[in-house]
S.K.: 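There's a structure below that I have some questions on.
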Number of protein chains: 2
Amino acid sequence: MDEQAEAKRATVHDVARTAGVSLATVDRVLNARPGVRPETAEKVENAIKALDFRRDLSASLLARARDLRVTFLIPDGGNAFMESLVGAIARRVRQTRNERLTLAASQYHALDPAALISRLDALNGRETDCAVIVAPDDPAVVKAVDAATRRGVAIITLVSDLPGSARRHFIGIDNQAAGRTAASLLGRFCTAPGKVGIIAGSLGLRDHRERFEGFAGVLGREFQHLSIVGPTEGFDDDVQTEAAALKLLSEHKDLTGIYNLGAGNAGLVAALGKTHRAGNIRVVSHELSDTTRGALRAGTLDVVLDQNPDGEIRAAIAAARQVALSPDAEIHSDPIEIGIFLRDNLR
Amino acid sequence: MDEQAEAKRATVHDVARTAGVSLATVDRVLNARPGVRPETAEKVENAIKALDFRRDLSASLLARARDLRVTFLIPDGGNAFMESLVGAIARRVRQTRNERLTLAASQYHALDPAALISRLDALNGRETDCAVIVAPDDPAVVKAVDAATRRGVAIITLVSDLPGSARRHFIGIDNQAAGRTAASLLGRFCTAPGKVGIIAGSLGLRDHRERFEGFAGVLGREFQHLSIVGPTEGFDDDVQTEAAALKLLSEHKDLTGIYNLGAGNAGLVAALGKTHRAGNIRVVSHELSDTTRGALRAGTLDVVLDQNPDGEIRAAIAAARQVALSPDAEIHSDPIEIGIFLRDNLR
DNA sequence: TCCGTCATGAGGTACGTGCCTCATGACCTA
DNA sequence: TAGGTCATGAGGCACGTACCTCATGACGGA
């Protein structure tokens, strides 16, 4: 089987000729400028469809003599995963310097919707084409997203979605599947009957709720020799997570497994070490970091599920380009896969 | 932390001015055209470094009025993984239609180095910028790769590398790590003492050898209650793999696990079904496909390691763009991660 | 009927790079 | 010294799109 290149691509000139209108009119339609009668616009749309015309991104960005400007809004506050997202953005900046792309990363005070909202309100379509946000599922945030969209800034949600908002796209993993996967691994690792403790960041967070649901479903259905203790909340914080883990460990001597579906892994590792249970309990947690890598190597953690921050940033940028290309068309993006890391396939 | 966009990027005009030469000379240097004295070229190189000039890929592809032409050479022969690579290429074709990229996929007779070599010999730099090849590690292939490189076709190896050749880059997973991961999972799933059977495609293949080495290392070091039987060869073929699996199963009644590090999964699944051992033996194999997905859902397979064909194709194209941009510079590409799939995180 | 508004056409320049032609001067060789 | 080769400069056109100005014709209301 050989696939050959298709014939020459259609240009705006071809569209104009086919539609029987001038270049200027095609341009008005393509860039949603006023001054075109609906029936004329339709002729153009039809020609575009007939020729399968797609605007040439290279030429387009070149002609407007400016970059595609993408702003990231990420929570701060020492959360290792969020920091790795910021790191991934910085890496992309280096790689995309010759691709007419300007990336700006900006952190807002975590767990503070008002801080995020004021950042969103400050965005406008003249300075920003697209904003990629990691946002809590809050009605006021949804409103701010809708308002920014009306000002011409396309919004893409990252990690945690905002269904019901005007956001153009969501980039993230299937958190239910992540929970199911954790249960499936822990269920097979813990062969003797016993208890499995669950630590969440906060059940107010959509992604954490979904992970727990997936986990509980699979464990209840397939691993009935294990029962669930919790979830208890660690608020994505090392100190509070350590306290939660210590409480679990002291109250349930027959604990054979732990699933930490939030952040705060350093606290969890510390608690396992202090109680001398590291290695005796099977532990699954989320997000690769220096802490979790070290704990995997030491055998304190057995599995780390990872949502691949570099992949998410790449996908977000690709989605932003699609938005720039055709503001209404549906966005296609490769699904972000859940990475499963053991000591043996650490990167 | 906020990262702002840097100042305006340097253009060829800036380079010419800084170097004190004309645009034409800069162009000659940039595109490796003859007619420039070494010391003049050096002035230009220095200006490029001083200004951190990078050629604008969009403008470059636009100006040469042709696409970046990438040809893929993939083995045929019903191997499900190779077919999925071809499918991934087809998907990319659709996504990159407006990115000045022409992808051609071409399959050659599997296990036939001569067929690959004649394809390589037919490539030339006027029609192809870059060839991405899945190639056996054969001295004659290495020679053909070197010759194609001299004719101006950059070669990128995919899945299996050709160290010692003039290939510009390798895209693929760490096969040692894949083997280690398989051992680590199988070792924890098989808690009772017993035997683990190994089926390879062919130990003549570099990637298969590496997987086996990784597997044997971890199993011997960490799971001494398990012993290895094999490897036996299935030649990446369903029928032969089924025969190999049947032989393993009949000769070793105390087999508690199987690791199939090659293709031919349909044969393995058939053998497990016929001997009524499906579900009683822990099985790890490679590459997601309809067969392996179904077997995961049915519980016949426990884990499938996957090298993410879509990601590999994406990475290969990104690498090809880098080659086009600067023919000598080192290529940076995100590592391809080993996907670990259980029933619960199937996509 | 006159003027204003609107839809559209015509044509240009610009973006950054590739690639072409032609001219010029320096240097080498016979 | 004439003819040749070579390094370089000067300039222009092209790629496909964005965006600008100006002209023109149609149609409406007063």
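Protein chains get the first letters and strands the later ones, always in sequence-line order, with residue 1 at the start of each. This structure is a prediction, so every number in the text was calculated from the model and none was measured.
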S.K.: Measure CD/A/Glu39 against P/C/dC6 and give the value in whole Å, please.
M.R.: 16 Å

S.K.: Would you check if the side chain of B/Gln322 reaches a backbone N or O of B/His332 as a donor-acceptor pair within less than 3.5 Å?
M.R.: yes

S.K.: Please answer whether the main-chain N or O of B/Leu123 pairs with a side-chain N or O of B/Arg151 as donor and acceptor at a distance below 3.5 Å.
M.R.: yes

S.K.: Between the protein and nucleotides 10-17 of chain C, which nitrogen or oxygen pairs come in under 3.5 angstrom?
M.R.:
unit_1	atom_1	unit_2	atom_2	d
C/dC15	O2	A/Leu62	O	3.2
C/dC15	O2	A/Ala63	N	3.2
C/dG16	OP1	B/Lys8	NZ	3.2
C/dG16	N2	B/Ala59	O	3.3
C/dT17	OP1	B/Asp56	N	3.4
C/dT17	OP2	B/Val12	N	2.7

S.K.: In whole angstrom, give the distance that lies between atom NZ of B/Lys43 and atom P of D/dA7.
M.R.: 14 Å

S.K.: Going by heavy atoms closer than 4.0 Å, what residues in residues 148-156 of chain B are next to DNA chain D?
M.R.: none

S.K.: Round to the nearest Å and state the distance from A/Arg33 atom CZ to C/dA7 atom C1'.
M.R.: 15 Å

S.K.: Salt bridge check: are B/Arg92 and A/Asp334 linked by an N-O gap of less than 4.0 Å?
M.R.: yes

S.K.: Which whole-number value in Å describes the distance from B/Glu99 CD to D/dG16 C1'?
M.R.: 15 Å

S.K.: Could you report the tightest heavy-atom contact between B/Phe72 and B/Ala316, atom names first, then the distance?
M.R.: CE2-CB, 4.3 Å

S.K.: Tell me if a side-chain donor or acceptor on A/Arg55 pairs with a main-chain N or O of A/Leu30 at a distance below 3.5 Å.
M.R.: yes

S.K.: Tell me, please, which residues at least two apart from B/Arg33 pass side chain to side chain donor-acceptor pair (under 3.5 Å).
M.R.: B/Asp27

S.K.: Take atom CG of A/Asp14 and atom C1' of D/dT17, then tell me their distance rounded to the nearest Å.
M.R.: 13 Å

S.K.: My understanding is that only one of B/Asp146, B/Asp137, B/Asp161 makes a salt bridge (Lys or Arg N to Asp or Glu O under 4.0 Å) with B/Arg167; could you say which?
M.R.: B/Asp161

S.K.: Could you tell me whether B/Asp56 and B/Arg9 make a salt bridge, using a distance below 4.0 angstrom between a side-chain N and a carboxylate O?
M.R.: no

